[in-house]
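First the structure, in the form of structure tokens, and then the observations on it.
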Amino acid sequence: MMQSIRQQPFRAAVLVLVWGWLVFLVLTPNMLVVGASVMTRDPANFISLPLNLDAYRQLFNPLYLEVFLHSLYMAAMTTLVCLLIGYPFAWALSRVEKRRQILLIFLLIVPFWTNSLVRTYALKLILATNGLLNSALMSLGVIDESAQLLYTEGAVIVGLVYLLLPFMILPLYSVFEDLRQDVLLASHDLGAGRFATFKNVIVPLTLPGVLAGVMLVLLPAMGLFFVPDILGGSRNLLVGNVIKNQFLDARNWPFGAAASIVLTLTMALLMFAHRLSKRRLGEEGA
Amino acid sequence: MTRTLLSLSGISKQFSGKTVLDELSLTIDDGEFITLLGPSGCGKTTLLRMMAGFELPDQGTITLSGVDITQTPPENRPLNTVFQNYALFPHMSVFDNVAYGLKMEKRPKAEILERVEDALAMVQLEDFARRKPHQLSGGQQQRVAIARAVVKRPKMLLLDEPLSALDYKLRRTMQVELKRLQRELGITFVFVTHDQEEALSMSDRIVVLKDGYIQQLGTPREVYERPENVFTARFVGQTNFFPGRVTKIEGERISVDVFGLNRELGKPSFRVAMNQSLHVLLRPEDIRVLAPDDAEGVAGKIVERNYKGSTLDSVIELEDGSHVMASEFFDEDDPTFDYSIGERVRVSWVDGWEWLLAEEGDEPLTDEEELAADDAEH
């Protein structure tokens, strides 16, 4: 092993780079967060000894529990809406002519070139009491007076869907691309109608994409604190807002760190489920 | 007494302006093994997909046992398909793959279990029921695909180049096995291939297709020994085309001049006139290579020799520059016979083994056809 590394300096350099990156930028910060979460809040130095689990106990405070559940609810709704839009979108995308596919994917990616904060403010202008949407609806005679769109739970979900939809579509598109037409034909050939084919073949074969999409949407949806800051008002907080507030405003680092670890663990759980579903399809080691 | 099972009449199909099938009609008998043979792009796969219901014809009708199924969706046709790349469900075990069609029919559990086990036993995969498709070899996946298609006891099995992904030896084994299955099950097989050797060895009848037209329909022997046109003669097996000219017509016999040799032959089925040019076809195995001092035949020299195990294949260049392919079996008297390049020989053949074809106008094969024909041979 050592000999092969000496013979392949490029290989050695790459390995050092990758491991260095992972240790210094992934492992160390996360260990610091874990460390902070088990320490005591200290107004002067942010954190201090002794070690304790107070921060985790605090997570079960009904007030925060409610924020967590509400945040989870909004993130789940966001994910559901993204899935309902993204699934047929990705399906259709995979079926159009190849050249048009590239154009459509390009259009899907273009908004990333604009800062998401700016785009969220743009959404605010559309949803505002005298904003574009209200004016349009009123001039069309659909409504008589401005509806309260901004600072609602709905506005937060719309904002999150807007920012996160591409993260649902792209992994779904990739599994639909891999979905072989002859497998669907085989299902019809063996007597399955459209619905049976969808249920027995298309859904199971696209499940890894669904889980990847859910992973890429659900967790950021709990963390994107600036969306409720701009669109949600004070009642529609995300876990991300709680974490941000604990670090920047309340100066309770252990609690912020503990909340952040709960998010990370949720992520790990989802990734585990994703791996399982892929292994079922035999895409990873058998 | 044969009974028509499937009948296609006047089938036409275009894909984005290009005609793939043109007014094609074909009847398939109950219980036969029929092969659709042709180069890629000849329409054979499209024809098969129409039988399965994956494509609808622009014109024409398809009837199965007298019932019009032209517009019937694939799930309601009592036919099943074995796909070129097997198209197994990757997320299901072998058992579930085979059981799928029966589950769709909502058969009772006990019946499904029994029939799936029977089908797997038939393809010798009883012990693999719990495996996933990706844990099987190509040949095993192929068998699962066959079991999955026949477990529903279809009236007809459609096979779309099912052996093309297998290596040569496995392909030969599967050919034999498919024939055995067809005999045992008594199901009509419609087999698509571009491999003429496969077609000849497996079929009861062969449909030779080119550019959406049926070139010839007949038994393997008819197609090989009595090709109806230049395409079929070139596509199925190797053939020497000698230029001939009619010098005498007398009752049922005609005389033909080939390389200055005067040959008396039986009158062909097409009309012949004096001095008409025609093709004299001879398979390489019908050619006799003689010693240079022999009185018979045409002089030439060996330009290529290939040892093929059971035969010695050679190419002889005649004095006018044309090439003749010969394939000779090693015989017991002289197991070491061989030629050296440049060796002088004479070429002849046994009277009556030649086959005559009229010239067609569109004579030389296009490069594509040459390639396709080459593909089919290797």
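Below, chains carry the letters A, B, ... as their sequence lines are ordered, and counting in each starts from 1.
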With sequence neighbours excluded, residues passing side-chain contact (heavy atoms from CB on, under 4.5 Å) with Leu185(B)
Met122(B), Val150(B), Leu181(B), Ile187(B)
Does Arg119(A) make a cation-pi contact with Tyr162(A), if we ask for NZ or CZ under 6.0 Å from the ring centre and within 45° of the axis?
yes
Taking only heavy atoms into account, what residues of residues 63-87 of chain B are found under 4.5 Å from chain A?
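At a heavy-atom separation under 4.5 Å, chain A is reached by Pro74(B), Glu75(B), Leu79(B), Asn80(B), Thr81(B), Phe83(B), Asn85(B), Ala87(B).
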Within residues 94-109 of chain B, the residues sitting under 4.5 Å from chain A by heavy atom, in sequence order, are Tyr100(B), Gly101(B), Met104(B)
For the residue pair Tyr87(A) and Phe176(A), does the interplanar ring angle fall in the parallel (under 30°), tilted (30 to 60°) or perpendicular (over 60°) class?
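Plane angle over 60°, so perpendicular.
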Parallel under 30°, tilted from 30 to 60°, perpendicular over 60°: which one fits the rings of Tyr73(A) and His70(A)?
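The rings of Tyr73(A) and His70(A) lie parallel, inter-plane angle below 30°.
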Qualifying residues under ring-ring contact (aromatic ring centres under 6.0 Å, His included), relative to Phe68(A), sequence neighbours excluded:
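Testing Phe68(A) for ring-ring contact (aromatic ring centres under 6.0 Å, His included), a comparison that skips the adjacent residues, returns none.
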So which heavy atom on [X] is nearest to which on [Y], and how close?
X: Leu166(B); Y: Met174(B); answer: CD1-CG, 3.6 Å
X: His91(B); Y: Lys132(B); answer: O-CE, 3.7 Å
X: Gly86(A); Y: Leu165(A); answer: N-CD1, 4.1 Å

Examine whether an atom of Arg148(B) lies under 4.5 Å from a heavy atom of chain A, and if so say whether it belongs to the side chain, the backbone or both; otherwise answer neither.
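Interface part for Arg148(B): both.
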If we ignore hydrogens and angles and just use 3.5 Å, is the side chain of Glu32(B) paired with the main-chain N or O of Asp29(B) as donor and acceptor?
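Side chain of Glu32(B) to backbone of Asp29(B), a donor-acceptor pair under 3.5 Å: yes, one is there.
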Begin from the C-alpha positions of Asp160(B) and Lys44(B) and carry the test salt bridge (charged side-chain N to carboxylate O under 4.0 Å, His left out) through to its verdict.
CA-CA 9 Å; Asp160(B) 184 7; Lys44(B) 58 189 190 297; over 6 Å; no
Chain B: which of Leu185(A), Val183(A), Val201(A) shares the most heavy-atom pairs with it under 4.5 Å?
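Sorted descending by pairs with chain B, the first entry is Leu185(A).
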